[in-house]
Participant: 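Mind having a look at this structure? Questions to follow.
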Amino acid sequence: MRELEKVYDPSKVEDKIYKLWTDGGYFEGVRDPAKKPFTIVIPPPNVTGRLHLGHAFDCTLQDILTRFKRMQGYAALWLPGTDHAGIATQIRVEESLRNEGLTRHDLGREKFLEQVWDWKNTYGSRIVDQLKKLGSSCDWSRERFTMDEGCSAAVREVFVSLYEKGLIYKGNRIINWCPACTTALSDTEVEHEERSSLLYHLKYPVKGSDEFLVVATTRPETMLGDTAVAVHPDDKRYKHLIGKSIVLPLMEREIPIIADDYVDMEFGTGCVKMTPCHDPNDFEVGLRHELEQILVIDESAKIINAGKYNGLDRFDARKAVLADLEELGLLSSAREHTNNVGTCYRCGTIVEPLTSEQWFVKMKPLAKEAVEVVDDGTVKFVPERFAKIYTHWMDTVRDWCISRQLWWGHRIPAWYCACGHTTVSRKDPDKCEKCGSPDIQRDEDVLDTWFSSALWPFSTLGWPEKTEDLDYFYPTDVLVTGYDIIFFWVARMIFSGMEHMKEAPFHTVFIHGIIRDSDGRKMSKSLGNGVDPLEAIAAYGADALRFNIVTGNSPGNDTRFYPERCEAMRNFANKIWNASRFVMMNLTIGHNELPEKLELEDKWILSKLNTLAGEVCENLDDFELGVAAAKIYDFIWDSYCDWYIELTKPRLQGAGGGQDSGGEDDGAIRAQKVLLYVLTETLTLLHPFMPFITEEIWQALPHGEDPDVSALMIRTYPAFTEALCFPEDEAGFESIMSAVRAVRARRAEMNVPPSRKPSLTIVTDKPDVFEAGRTYLGRLAYAGEVTIQRNAPCDLSGLVSVVTGDAQLFIPLAELVDVAKERERIEKEIGKAKADIERFEKKLSNEQFIAKAPESVVGAEREKLANLRALLGNLQFTLDNLHS
RNA sequence: GGAGGCUUAGCUCAGCUGGUUAGAGCGCUCGCCUCACACGCGAGAGGUCGAUGGUUCGAGUCCAUUAGUCUCCACCA
């Protein structure tokens, strides 16, 4: 047993404790046929990223669940790893190249990739180290990276097998293009922002007539690529024009007027210009009507195929087109209009829809099972409402564009031959599989980063190999992540698991919100309002940060981060520290066991602890982590420190609690035993939430009953047990507590200093209950001699009375009392008691209530009424005997 | 245009399947350096749980309507 310092200093403890855990190998997930596995795979952070509060939140939740299950005897595995994060990482390396005046093209693909790998190797361990600072109990021996050999093999296998099943295809379709990242994006990677813009009305002349059709658009530059004008087939205004044609202004191209249901007659003029290459709807309409496709905006957002406008940036082209139309008198009007603008989720650039040759995953067939498995409850969302969001997305999802025009990522395993055949293969081919020509070219593109993330729950366990890990740990149990990546990641993992493993990758998706700043704003680099978790750890300790993050919020909801709350949690850590210090200072025993004989207060605290253990387990099983944490907090601070420790002080000093003294069953020894037992159990309960301080203290405590257990983190988690249920004793002790509180309140009102210790006479019809608390009752109520009797003193002169439901207490402090005020106070209390009694009487005389409410509720109400009546009697008695 | 969240003490938030006298942290008031802790101890003040209606013996908790607010999804040019 070591001496502890007066103030807990996390910085001196955390690294040492973390090392103790890793040295002990306690984080390792060990396949044990005798145990049930519990598996969590980490949402892999970007390999070059830095830890932010979002990670801290996410990982704290996972760590709590993992530690809890591990301590409950599961073969727990929390599998860590990092993500190559294609676009994000490539952008960053390109940025650093730009500082040297270079682009990736100057280096060439191979050299550039070398640089990215260097970058990855330099920064890849940073985020991992930061996760360790948090106390994450990940199995680092199984750490993975989405581009390591195994994950790459999984990606290759999945791509090829989906291709063979016809679920991956290449096609020329309209996709979202980011001109800044110069790559295609999937629908999920486009963020929609509402912006106000101008809606222009353009006049298109009808060929061979002096009529005009007026079309509305927010993007006039796309008119350069118009290949039709559409009206509704039933629109009487335009019926006569269907089949005729328009002479497209500026381009002088003849384009047809077509009829399509897509057009809303009510909106605008009822005429819609069709730009199949640059609008998803127009693209669809174009397919139906076999319209010509003219690409007028290229990959860098410059105009092409449009004569004099060629080479202009899309926004400059807009101005030019408008000016020219104006001059021709073909610009009829413009008005304010709010519409949604798609932007790139990585760089914020406005996305350009354009047609392009890309690879896609056919989603409909994959979505079917992925929806079923959530609908039938095989996969549960916590909170449930996110299941609806998920299934709605799955039901309406469109094909997933998976090719990216990047270099950093999994290169698409497709080879093209001049004969027109595409070879897609598990092994790099050296010739065309159809014509045998060795002159084949590999596809230049890589896959969407999320394509590899989708395989994470099984690729990390060794798939496509049949590994023992995969066999034992798959499917995983809980997936913990924020609601912002349900579509990006969770949805894709579910259909991937169903397709490739024939089994959902996890049974529970535990969704949390995001952490905002103290003003409720999203934390972002541009606002500079981000809180660095490492700074918080340095200032308050990892335990305080963790506790702050998990308390005071509920699943799925956003939460605000207040540094002051960290301070409160640091104080809590310090409280535990000092309570432990107190216990150790008073300890003469060398092992942890409960005494044979228990005092009333012992039974009270043990009973409370037992209830706590049961509730915490329940809460954790239900993912109510914040609730569980708050209960432990209250127990430690209120029940254990403020009450129980205070109660033991006289006992520890040999002032009683037992008649006998010396020997094994000495009162002081028994107090020590209970103190140590409750502390140890409490530390164990708290450990998943505050792993460092609890482990540090536990290492310093004697724990003879755990000879085989070398660390708290692998000790068995407490559970509810019938053996430690003492409801009557618990209630009895609560009577004493309310008496103590009542005396303290009266003394505070009268400004009696703690040094003044008048005698105390307790009048009660439960003398045995109070007798059990006699020794320390005096201490907590600052009393001198304590007398317990059934009848009120004959002479009440000089006495002040304090009343509870169970007792009347008399203190000789009358000279401090202002009788008039006292009378007023008592009368007020009598009034309140009478009102309460009336309320309960009314309730209890309601036959419906008696008949329909459960017996336990009725019984409780009856008891409350009885208590109130006793209280009223006592108050009345006091008032009657108040000497003036 | 759909879907959902939030609205509870001055501030930020808990309150699980309806059953106390509605809780916590911070802040505030009063009194305490009481031999674990001033990162502390004791005692307080402060809320008709957004509004209206309903279900129920009983509603902050369930249902409907409504207001404010935030978010997600959506092809109306």
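Side-chain atoms are counted along with the backbone in the values below, which use heavy atoms only and exclude waters and symmetry mates. Reminder, nothing fancy here: chain letters follow the sequence lines and each chain counts from 1.
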Participant: Suppose we screen for salt bridge (charged side-chain N to carboxylate O under 4.0 Å, His left out). Which residues come up paired with Glu221(A), at least two apart in sequence or across chains?
Facilitator: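 Counting only residues at least two positions away or on another chain, Glu221(A) forms a salt bridge (charged side-chain N to carboxylate O under 4.0 Å, His left out) with Arg219(A), Arg318(A).
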Participant: Keeping to residues at least two apart or across chains, list the salt bridge (Lys or Arg N to Asp or Glu O under 4.0 Å) pairs with something in residues 539-564 of chain A.
Facilitator: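 For residues 539-564 of chain A, and leaving out neighbouring residues, the salt bridge (Lys or Arg N to Asp or Glu O under 4.0 Å) pairs sorted by first residue read Asp63(A)-Arg546(A), Arg516(A)-Asp558(A).
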Participant: Sugar-phosphate means primed atoms, P, OP1 and OP2; the rest is base. With that split, encode nucleotides 70-77 of chain B 5' to 3' as B, S or - using protein heavy atoms under 4.0 Å.
Facilitator: ---SBBBB
Participant: State whether the number of non-hydrogen atoms from other residues, nucleotides or ligands found under 6.0 Å of His337(A) atom NE2 is greater than 12.
Facilitator: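 Result for NE2/His337(A): enclosed.
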Participant: Applying side chain to side chain donor-acceptor pair (under 3.5 Å), can you list everything that pairs with Thr508(A), at least two apart in sequence or on another chain?
Facilitator: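 With neighbours one apart ignored, the set is empty.
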Participant: Which letters describe nucleotides 21-31 of chain B, given B = protein heavy atom under 4.0 Å from base, S = only from sugar-phosphate, - = neither?
Facilitator: S---S------
Participant: Can you list everything that forms a side-chain contact (heavy atoms from CB on, under 4.5 Å) with Gln672(A)? Sequence neighbours excluded, please.
Facilitator: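 Per chain and number, Gln672(A) pairs via side-chain contact (heavy atoms from CB on, under 4.5 Å) with Leu587(A), Thr588(A), Ile589(A), Leu652(A), Ile669(A).
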Participant: Between C41(B) atom P and Phe582(A) atom CZ, what is the distance in whole Å?
Facilitator: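 These atoms are roughly 14 Å apart.
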Participant: Taking NZ, NE, NH1 and NH2 as the nitrogens, is one of them in Arg839(A) or Asp836(A) under 4.0 Å from a carboxylate oxygen of the other?
Facilitator: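 Between Asp836(A) and Arg839(A) there is a salt bridge, with a charged N closer than 4.0 Å to a carboxylate O.
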Participant: Here's a test for you: under ring pair (Phe, Tyr, Trp, His ring centres under 6.0 Å), which of Phe572(A), Phe689(A), Tyr640(A) qualifies with Tyr633(A)?
Facilitator: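 Testing Tyr633(A) for a ring pair (Phe, Tyr, Trp, His ring centres under 6.0 Å) against Phe572(A), Phe689(A), Tyr640(A) leaves exactly one candidate, Phe572(A).
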Participant: Does CD in Glu841(A) sit with more than 12 non-hydrogen atoms of other residues, nucleotides or ligands closer than 6.0 Å?
Facilitator: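 Yes, the 6.0 Å shell around CD holds more than 12 heavy atoms from other groups.
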Participant: Could you work out the separation of C57(B) and U12(B) based on their C1' atoms and round it to a whole Å?
Facilitator: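 Comparing C1' positions in C57(B) and U12(B) gives a spacing of 37 Å.
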Participant: What distance, rounded to whole Å, do you find between the two P atoms, one in G5(B) and one in A43(B)?
Facilitator: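 That atom pair is separated by 40 Å.
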Participant: OP1 or OP2 of C41(B) versus the side-chain N and O atoms of Lys575(A): is any pair under 4.0 Å?
Facilitator: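 Lys575(A) to C41(B) OP1/OP2: side-chain N or O found under 4.0 Å.
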Participant: Could you list all the salt bridge (Lys or Arg N to Asp or Glu O under 4.0 Å) pairs where at least one residue sits in residues 390-400 of chain A, not counting sequence neighbours?
Facilitator: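 Every salt bridge (Lys or Arg N to Asp or Glu O under 4.0 Å) pair that includes a residue of residues 390-400 of chain A, provided the two are not neighbours, is Arg173(A)-Asp399(A), Asp187(A)-Arg398(A).
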Participant: Anything under 30° is parallel, anything over 60° is perpendicular, the rest tilted; go ahead and classify Phe488(A) against Tyr345(A).
Facilitator: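 Ring orientation, 0 to 90° scale: parallel.
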Participant: How far does the C1' atom of G60(B) sit from the matching atom of U8(B), given to the nearest Å?
Facilitator: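 Nearest-Å result for G60(B) against U8(B) at atom C1': 7 Å.
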Participant: Heavy-atom contacts under 4.0 Å between residues 635-646 of chain A and RNA chain B, which residues?
Facilitator: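 Of all residues in residues 635-646 of chain A, the ones placing a heavy atom under 4.0 Å from RNA chain B are Trp637(A), Cys641(A), Asp642(A), Ile645(A), Glu646(A).
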Participant: Expressed in whole Å, how much space separates the C1' atoms belonging to U56(B) and C72(B)?
Facilitator: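 U56(B) and C72(B) have their C1' atoms separated by 35 Å.
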Participant: Does Lys388(A) make a side-chain N or O approach to OP1 or OP2 of A3(B) shorter than 4.0 Å?
Facilitator: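 No.
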Participant: Lys649(A) NZ to C41(B) P: how many Å, rounded?
Facilitator: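 That distance rounds to 11 Å.
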Participant: Scan Arg560(A) against the nucleic acid and name what it touches under 4.0 Å (heavy atoms): base, sugar-phosphate only, or nothing.
Facilitator: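 Sugar-phosphate contact only - Arg560(A) comes under 4.0 Å of backbone atoms but never of a base.
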Participant: G40(B) P sits how many Å from Asn574(A) CG, rounded?
Facilitator: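 Spelled out: CG on Asn574(A) to P on G40(B) is 7 Å.
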Participant: Arg862(A) has an atom CZ; how far is it from atom P of G58(B), in whole Å?
Facilitator: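 Going from CZ in Arg862(A) over to P in G58(B) covers 18 Å.
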Participant: Quick one: Asn548(A) CG to C13(B) C1', roughly how many Å, whole number?
Facilitator: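 After rounding, the gap between these two atoms is 12 Å.
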Participant: Under 4.5 Å between any side-chain heavy atoms of Leu291(A) and Ile258(A), yes or no?
Facilitator: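 They are in side-chain contact.
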Participant: Testing Ile389(A), Val382(A), Thr481(A) one by one against Ile511(A) for a side-chain contact (heavy atoms from CB on, under 4.5 Å), which residue passes?
Facilitator: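 Only one option passes, and that is Thr481(A).
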Participant: Give me the distance, rounded to whole Å, that separates A51(B) from G10(B) when you measure between the P atoms they each carry.
Facilitator: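 Straight-line distance between the two P atoms is 14 Å.
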Participant: Counting only heavy atoms from other residues, nucleotides and ligands, does the tally under 6.0 Å from CD of Glu646(A) exceed 12?
Facilitator: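 Atom CD in Glu646(A) is packed in, count exceeds 12.
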Participant: How many whole angstroms separate atom CZ of Arg744(A) from atom C1' of C32(B)?
Facilitator: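 After rounding, the reported distance stands at 13 Å.
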Participant: Which value, in whole Å, describes the distance between the C1' atoms of nucleotides C70(B) and U34(B)?
Facilitator: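 About 50 Å, rounded to a whole number of Å.
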Participant: Hey, does Ala745(A) reach any base, or is it just sugar-phosphate, or nothing, if we go heavy atoms under 4.0 Å?
Facilitator: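 Ala745(A): backbone/sugar contact only, no base atoms under 4.0 Å.
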Participant: Once you round it to whole Å, what is the distance between C1' of A3(B) and CZ of Arg385(A)?
Facilitator: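 Taking CZ of Arg385(A) and C1' of A3(B), I get 12 Å after rounding.
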Participant: In dot-bracket, 5' to 3', how would RNA chain B read with Watson-Crick or G-U wobble pairs under 3.5 Å, [ ] for crossing ones and | for pairs to another strand?
Facilitator: (((((((..((((.....[...)))).(((((.......))))).....(((((..]....))))))))))))....
Participant: Can you name the salt bridge (charged side-chain N to carboxylate O under 4.0 Å, His left out) partners of Lys864(A), sequence neighbours left out?
Facilitator: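 With sequence neighbours excluded, Lys864(A) shows a salt bridge (charged side-chain N to carboxylate O under 4.0 Å, His left out) to Glu861(A), given in chain and number order.
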Participant: Report yes or no: do Arg237(A) and Thr269(A) form a side-chain donor-acceptor pair below 3.5 Å?
Facilitator: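 On atom types as modelled, these side chains do not qualify, holding no pair under 3.5 Å.
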Participant: What pairs with Arg741(A) under side chain to side chain donor-acceptor pair (under 3.5 Å), at least two apart in sequence or on another chain?
Facilitator: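 For Arg741(A) there are no side chain to side chain donor-acceptor pair (under 3.5 Å) partners, ignoring immediate neighbours.
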Participant: Which of parallel (below 30°), tilted (30 to 60°) and perpendicular (above 60°) describes Phe623(A) and Phe510(A)?
Facilitator: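 The arrangement is tilted - the two ring planes meet at 30° to 60°.
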Participant: Measure from the side chain of Val7(A), starting at C-beta and using heavy atoms only, and say which of G19(B), C39(B), C11(B) lies closest.
Facilitator: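 Minimum distance to the Val7(A) side chain belongs to C39(B).
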Participant: For nucleotides C13(B) and C6(B), find the distance between their C1' atoms and express it as a whole number of Å.
Facilitator: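 C13(B) and C6(B) have their C1' atoms separated by 12 Å.
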Participant: What is the distance, to the nearest angstrom, from the CZ atom on Phe561(A) to the C1' atom on C13(B)?
Facilitator: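 These atoms are roughly 15 Å apart.
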Participant: For nucleotides 16-18 of chain B, tabulate all protein N/O to nucleotide N/O atom pairs closer than 3.5 Å, reporting atom names and distance.
Facilitator:
residue: C16(B); atom: O2; partner: Glu624(A); partner atom: OE1; Å: 3.3

Participant: Looking for any heavy atom pair under 4.0 Å, which part of the strands does Gly626(A) touch: base, sugar-phosphate only, or nothing?
Facilitator: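 Counting heavy atoms under 4.0 Å across all strands, no contact is made by Gly626(A).
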Participant: Measuring only the P atom in each nucleotide, how far is C73(B) from C63(B)? A whole number of Å is fine.
Facilitator: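 Per the computed distance, 26 Å lies between those P atoms.
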Participant: Determine whether Ser333(A) and Tyr200(A) make a side-chain contact, defined as any pair of heavy atoms from C-beta on separated by less than 4.5 Å.
Facilitator: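 Sidechains of Tyr200(A) and Ser333(A): no contact.
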